[in-house]
> 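Would you mind keeping the following structure in view while I ask a few things?
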Amino acid sequence: MLDLLANATVAGLLLGGFYAAVTVGLSIAFGYLDIVNIAHPGFMMLGAFAAWFATDAWQLDPILAGTLFAPIFFVAGAALYRVYHVSFERRGDIGLRGLAFFFGVLFLAEVVLLLLFGADYRGLNLPYLETMITAGPVSVPLRMVLPFLVSLALFAALQWMFDHTFFGRAIKAVSQDPVALRLMAADPVRVKEVAFGIAIATASIAGALLITIAPVEPSMGRDYIGRIFAIVVLGGLGSLTGTLLAALALGVAESLTATLYGPSWSPAVAFGALLIALVVRPTGLLGR
Amino acid sequence: MLIGGYAATVAIANDYYFYAGYIVLQYVVLATAWNILGGYAGYVNFGSAGFYAVGAYTAAILCLALGAPLPVMILGGGLAAGVIGLAAGYLALRIKDVYFAIATLALAVVVQTIVDNWDYVGGTRGIYVLHPHHAIGFSNYPRLLFFTMLVLAVGSVVVARSVEHSRFGRGLAAIRDDEHAAESAGVPTLRLKLMAATLSGILMGAAGAPFPYFVSHLEPSSTFSLAVAVNAIAMPMIGGATSWAGPVIGALVLGGAQQIATVTISSVLNLLIVGLLLIGFVIFAPEGIVGLARRLLR
């Protein structure tokens with residue numbers, strides 16, 4: 001029993017690391033830019049299928065493929081922000097219609113994938129991913145460990161950028177005080193455009209991690225909407241460290257629930273946590 | 001209109017029209033219900049499918065456990081979803097805007113997880129709920145269901161219309177435009193939000209209540225469907241969210257187009273059309289079809 005719990009906890013931490021990679025894009029968009037991008041999981045699914053295609057057709061490594069596709073996602077994200085800015089942000093109309101807009105984008109991503117790939121599960125068949133790594137009673141496959149490590153690297157890189165570069169600080173400042181930013185000769189719209197591009201680019205990598213962990217089908221993205229919002233809100237808006245910690249906590253909670261009560265209950269963990277978080281402490285664990 | 005509907009159930013021979021008509025009318029009810037909270041008060045509900053499913057499952061349980069007749073099923077389904085609506089209303093007291101939208105989504109997933117794991121209603125496998133064999137006054141049961149949905153649709157439009165022209169509706173509009181200002185001006189925002197959320201929930205539940213009879217085999221994936229969640233938002237947004245006519249027009253146009261597209265093209269492609277229309281309308285015609293028509297007529 002103790003071994004089982006130890007295994008479940010470690011598996012949960014690894015899963016949480018992956019969740020963190022999925023969430024970081026939303027954490028940037030929602031936490032720093034005030035853009036409620038509910039379409040983020042849709043971009044992750046696009047990334048997952050792109051990585052699957054590159055691996056299947058061109059024999060690339062999925063994570064390498066996800067990294068190579070990231071610039072394309074960046075451009076798409078920047079373009080999407082332009083549309084969003086011109087249509088909603090500039091009009092000061094970001095509530096109802098902005099939400100409906102991203103809802104529509106999410107929906108489109110799913111339908112496009114359905115049309116291209118059908119509703120079947122697509123998975124990778126790479127033997128090296130099944131290598132087991134054993135430490136004491138705990139034993140985990142490489143396909144879980146690798147995404148965890150990539151996610152930590154992604155976080156470290158982003159955290160460094162936000163703390164130590166002028167541009168990173170400009171992103172953090174843009175929703176708090178755009179006027180001050182303008183006085184420092186940085187165009188807020190331009191800053192947000194690039195930042196949103198970065199946020200979407202992370203979805204390409206997250207998608208590659210998703211396909212590394214398990215087979216995917218187009219409608220899976222929906223399960224992640226609640227999960228990633230739960231993580232962002234629980235971790236606190238505008239805190240990457242909070243996002244990482246909340247993701248790990250949620251991963252462990254889901255994994256333990258799946259082990260103790262069965263996997264069909266684990267979606268309720270994320271959404272239940274989100275409901276409670278929203279009502280009790282909307283500013284999150286490490287909110288600004 | 002109801003007489004015309006009844007006459008149609010006698011006159012038209014092809015049963016398919018009643019299946020298609022049932023679905024379109026169901027969307028009239030759902031879109032109208034969504035609009036009471038979303039369009040009038042500005043609180044976006046992403047979890048419509050959850051309310052719809054609560055109505056459907058409550059009705060199924062009432063039917064199987066107590067042998068309740070259809071009107072009782074609708075009443076029960078509506079009340080149960082109304083209670084969930086009230087709960088959502090309490091959420092809306094504390095959380096606003098985006099957070100509320102996400103919370104409703106979370107609510108729907110929690111409800112679905114419970115249903116998925118509930119053996120009495122068959123879990124993910126679903127459960128059979130067969131409608132009675134005889135339909136008094138109608139030649140078969142689907143026609144009775146069609147007429148029932150027509151009554152619900154007309155009823156919900158009447159409710160929405162009277163809400164819109166009442167103090168209640170003006171209060172909700174004030175909340176939508178500026179909640180703080182409304183509160184300072186003495187609008188009882190808390191009570192109005194609770195009332196709107198409950199009313200919206202009741203109507204969504206009522207829309208779902210005849211669904212078990214309609215499909216015979218009730219299962220979570222088709223009851224908590226994305227189509228319901230998306231259409232409930234897309235239809236009022238495309239029709240025009242500020243008046244009662246918007247959701248009705250949106251539901252008739254979009255619902256009708258979907259029925260035609262499902263038959264003639266494919267069901268996936270018809271969802272693509274809905275997505276594109278939704279995005280197109282929120283960008284280029286934020287006031288919807290009603291707003292476009294007003295601009296043209298002016």
Side-chain angles (χ1 to χ4, degrees), chain A residues 30 34-39 83-84 86-88 91 93-115 118-119 218-219 222-223 225-230 232-233 261-262 264-280 282, chain B residues 38-39 42-44 46-47 87 90-91 93-114 116-117 123-124 176 221 224 226-227 229-230 233-234 236-238 241 266-284 286-287:
Chain A
F30 192 21
D34 283 335
I35 300 173
V36 193
N37 179 18
I38 45 175
V83 174
Y84 174 77
V86 171
S87 313
F88 307 102
R91 290 190 208 154
D93 184 12
I94 55 174
L96 181 61
R97 281 175 242 294
L99 272 176
F101 171 72
F102 282 116
F103 196 62
V105 172
L106 172 73
F107 193 56
L108 274 192
E110 183 177 329
V111 175
V112 166
L113 287 174
L114 264 178
L115 286 172
S219 75
R222 276 184 249 157
D223 299 343
I225 307 173
R227 206 172 264 145
I228 63 178
F229 271 97
V232 170
V233 173
Y261 302 101
S264 59
W265 280 105
S266 58
V269 177
F271 288 91
L274 173 63
L275 277 180
I276 295 166
L278 282 174
V279 174
V280 179
Chain B
Y43 275 77
V44 179
F46 277 138
Y90 272 107
L91 282 177
L93 301 185
R94 293 206 52 138
I95 53 186
K96 296 192 167 65
D97 302 332
V98 182
Y99 294 102
F100 178 75
I102 299 161
T104 54
L105 189 77
L107 203 63
V109 176
V110 170
V111 173
Q112 183 174 2
T113 310
I114 293 169
D116 277 349
N117 287 286
T124 48
R176 176 188 62 210
S221 71
F224 290 89
L226 187 66
V230 172
I233 298 171
M237 299 294 287
I238 289 171
S266 81
S267 57
V268 178
L269 212 60
N270 101 51
L271 292 179
L272 184 71
I273 297 166
V274 178
L276 287 174
L277 276 177
L278 175 62
I279 293 176
F281 266 93
V282 292
I283 293 179
F284 299 110
E287 302 298 316

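In what follows, every chain begins at residue 1, and chains take the letters A, B, ... in the order their sequences are listed. Remember, it's a predicted structure, so these values are computed and weren't measured experimentally.
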> Between B:Ile233 and chain A, which part of the residue has a heavy atom less than 4.5 Å away: side chain, backbone, both or neither?
side chain
> Can you say whether A:Ile38 sits under 4.5 Å from chain B via the side chain, the backbone, both, or neither, judging by heavy atoms?
side chain
> For the interface with chain A, which of B:Leu107, B:Asp116, B:Asn117 has the highest count of heavy-atom pairs at distances below 4.5 Å?
B:Asn117
> Taking side chain as everything from C-beta outward and backbone as N, CA, C, O, which of these in B:Ala101 sits under 4.5 Å from a heavy atom of chain A? Side chain, backbone, both or neither.
side chain
> Heavy-atom pairs under 4.5 Å with chain A are the metric here; pick the option from B:Gly39, B:Gly38, B:Ala103 that has the most.
B:Ala103
> Could you look at A:Val83 and say if it's the side chain, the backbone, both or neither that has a heavy atom under 4.5 Å from chain B?
side chain
> Could you report the tightest heavy-atom contact between B:Pro286 and A:Arg97, atom names first, then the distance?
O-NH1, 2.8 Å
> Show me, pair by pair, the donor-acceptor contacts under 3.5 angstrom made by side chains of residues 271-282 of chain B, not counting sequence neighbours?
none

> Under the side chain to side chain donor-acceptor pair (under 3.5 Å) rule, what pairs show up with a residue in residues 274-283 of chain B, not counting sequence neighbours?
none
> I would like to know whether B:Leu105 and A:Phe229 meet side-chain contact (heavy atoms from CB on, under 4.5 Å); could you show each step before the answer?
CA-CA 10 Å; B:Leu105 189 77; A:Phe229 271 97; over 6 Å; no
> What's the spacing between B:Ile102 CD1 and A:Ile228 CD1 if we round to 0.5 Å?
9.0 Å
> In terms of the angle between their ring planes, are B:Phe46 and A:Phe103 parallel, tilted or perpendicular, with boundaries placed at 30° and 60°?
parallel
